[in-house]
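Just so we're on the same page: letters track the sequence lines, and every chain starts at 1.
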Number of protein chains: 2
Amino acid sequence: MSVGISIKLNSGLYIRDPQATKLGKSIIKNSILLFEEIGFEAFTFKKLATKIKTGEASIYRYFENKHYLFLYLVSWYWEWVSFLIDYNTKNIVDPKRKLKIIINNFVFASKDNPSIDYVNESILHKIIISEGTKAYHIKDIDEENQEGFFLNYKQMVAKVAEVISEVNPQFEYPRALASNLFEMANNHIYFAKHLPRLTDVKVKGEDYSEVEKMLEIFAEKLLAK
Amino acid sequence: MSVGISIKLNSGLYIRDPQATKLGKSIIKNSILLFEEIGFEAFTFKKLATKIKTGEASIYRYFENKHYLFLYLVSWYWEWVSFLIDYNTKNIVDPKRKLKIIINNFVFASKDNPSIDYVNESILHKIIISEGTKAYHIKDIDEENQEGFFLNYKQMVAKVAEVISEVNPQFEYPRALASNLFEMANNHIYFAKHLPRLTDVKVKGEDYSEVEKMLEIFAEKLLAK
DNA sequence: ACAATATTGATAGTAAAACTATTAAAAAAG
DNA sequence: CTTTTTTAATAGTTTTACTATCAATATTGT
């Protein structure tokens, strides 16, 4: 039985709603796998089409190009983390505990029972860690922002910033800390794996607990009164 | 008169040393301008060749491809910031003052008298802000790291981490804080300009002083004993 | 159940990007 | 001032990024 998660994303991101058809879901599912396998640069619609045994043109009927498909997946992730935060902080009143849970969700981004079968959240998380920021480091950032393509990220940051302000209403940078904790979580998992001299934490396999601990200490020190 | 800065970069980054010839210098100079004008994705060797009135093939004699040229420029920036830190913290003993100067260099990355005429450091800084992280968010990260292509970043981070440890020897994350201050400087200038709801600071034109202040406060709180 | 409509699969084609190769002309070095 | 290196000009190949067409298949509305 599904827990009833529904991920609604800006309809400007796609031409045809991929969640509405079998082929669309296959595009989502397999693009996540393919981005992880070969990386953003080498990813092409032709390769994806071959993988899911359809024509290149069929994919173009769903997404204008690789960038929009990627942004769709990244937006999905932002929504997913938002959902996790809501789900896991439900009925918790202590803002410090809430923030700890948020940090845990930034770092692990996982949930025991999977939500939507055609999205492998764990692989999606890996993509975000290695290249998630490419979704918004683009020349057309202002036009796309105008279209509301980054609302999911902003809403998630606003949600976290609110908790931060609850922890310490005097803290002047709640949004900056929120986005920084999110970015740091991804960055330092990446650094630990690939450029270890840029960090002090170690990760072994999927064990990111040192990253989590570091973020907790950072947050605690920054929000101390 | 030049101050005598010499920027030495890993020779694996290029096929022929661009600093050694007129055309090479023109490639450096104009690629900085072109990356800034049209962005990483739209940048091609053909367009660059047209801009500097040479053939595409001539550029391929200097750099294997766009990625290596870009990495060359980003490495230049890392070296440049390292130089600025050395230059501006010379003879200063108080580590807290040193760290303030480092933060100032992360945010402004500028120097009154220009160093090398064919590199516009101010435009290079803009490129780093908008897309610098693309240099190391790549599929071949481990192979390229093996080749030493990120040593300039690592050395810069090590240098800053040392100052951080001087400020507070008990602080457990000197490298992570060093890389984070650098990344935050770029990120929050970008956010303030393009995705303002992801930060709390404002930038007006080239005035990044709010970013600087935020980083100072972050560093101070994190390093308080 | 069946006609109307929408979606797909298969094929083909164009324009630009990402290179490689060749050779004559120009520049630099000994 | 001749040998060697470097560049300019041209041409060609493969791959990417995308558009168009249309018959086959699925979906939907009654």
Worksheet, complete the sentence: Nt span of DNA chain D in reach of chain B heavy atoms at under 4.0 Å, 5' end first, is D:dT6 to D:dA8
Fill in: Rounded distance (Å) that lies between atom C1' of C:dT11 and atom OH of A:Tyr60
16 Å
Worksheet item: With a non-hydrogen cut-off below 4.0 angstrom, is A:Arg16 in contact with a base, only sugar-phosphate, or nothing?
Response: sugar-phosphate
Step through it carefully: locate the ring centre of [X], locate the ring centre of [Y], and say whether they are under 6.0 Å apart.
X        : Y        : answer
B:Phe182 : B:Tyr153 : yes
A:Tyr68  : A:Phe63  : no
B:Tyr208 : B:His188 : no

Practice prompt. Measure up the A:Phe45 and A:Phe43 rings against each other and bin them: parallel (under 30°), tilted (30 to 60°), perpendicular (over 60°).
Written response: perpendicular
Worksheet item: For the residue pair B:Tyr14 and B:Tyr72, does the interplanar ring angle fall in the parallel (under 30°), tilted (30 to 60°) or perpendicular (over 60°) class?
Response: perpendicular
Worksheet item: Is NZ or CZ of B:Lys66 both nearer than 6.0 Å to the six-membered ring centre of B:Phe40 and within 45° of the ring axis?
Response: yes
Practice prompt. Tell me which residues in residues 32-58 of chain A put a heavy atom below 4.0 Å from DNA chain D, sorted by number, or none.
Written response: A:Thr44, A:Lys47, A:Glu56, A:Ala57
Discussion item. For C:dT8 and A:Tyr62 - does any side-chain N or O of the residue sit under 4.0 Å from the phosphate oxygens OP1/OP2?
Written reply: yes
Worksheet entry | Donor-acceptor pair between A:Glu147 and A:Asn10 side chains, under 3.5 angstrom | no
Worksheet item: Is the shortest distance from a Lys or Arg side-chain nitrogen in A:Lys134 or A:Glu41 to a carboxylate oxygen in the other one below 4.0 Å?
Response: yes
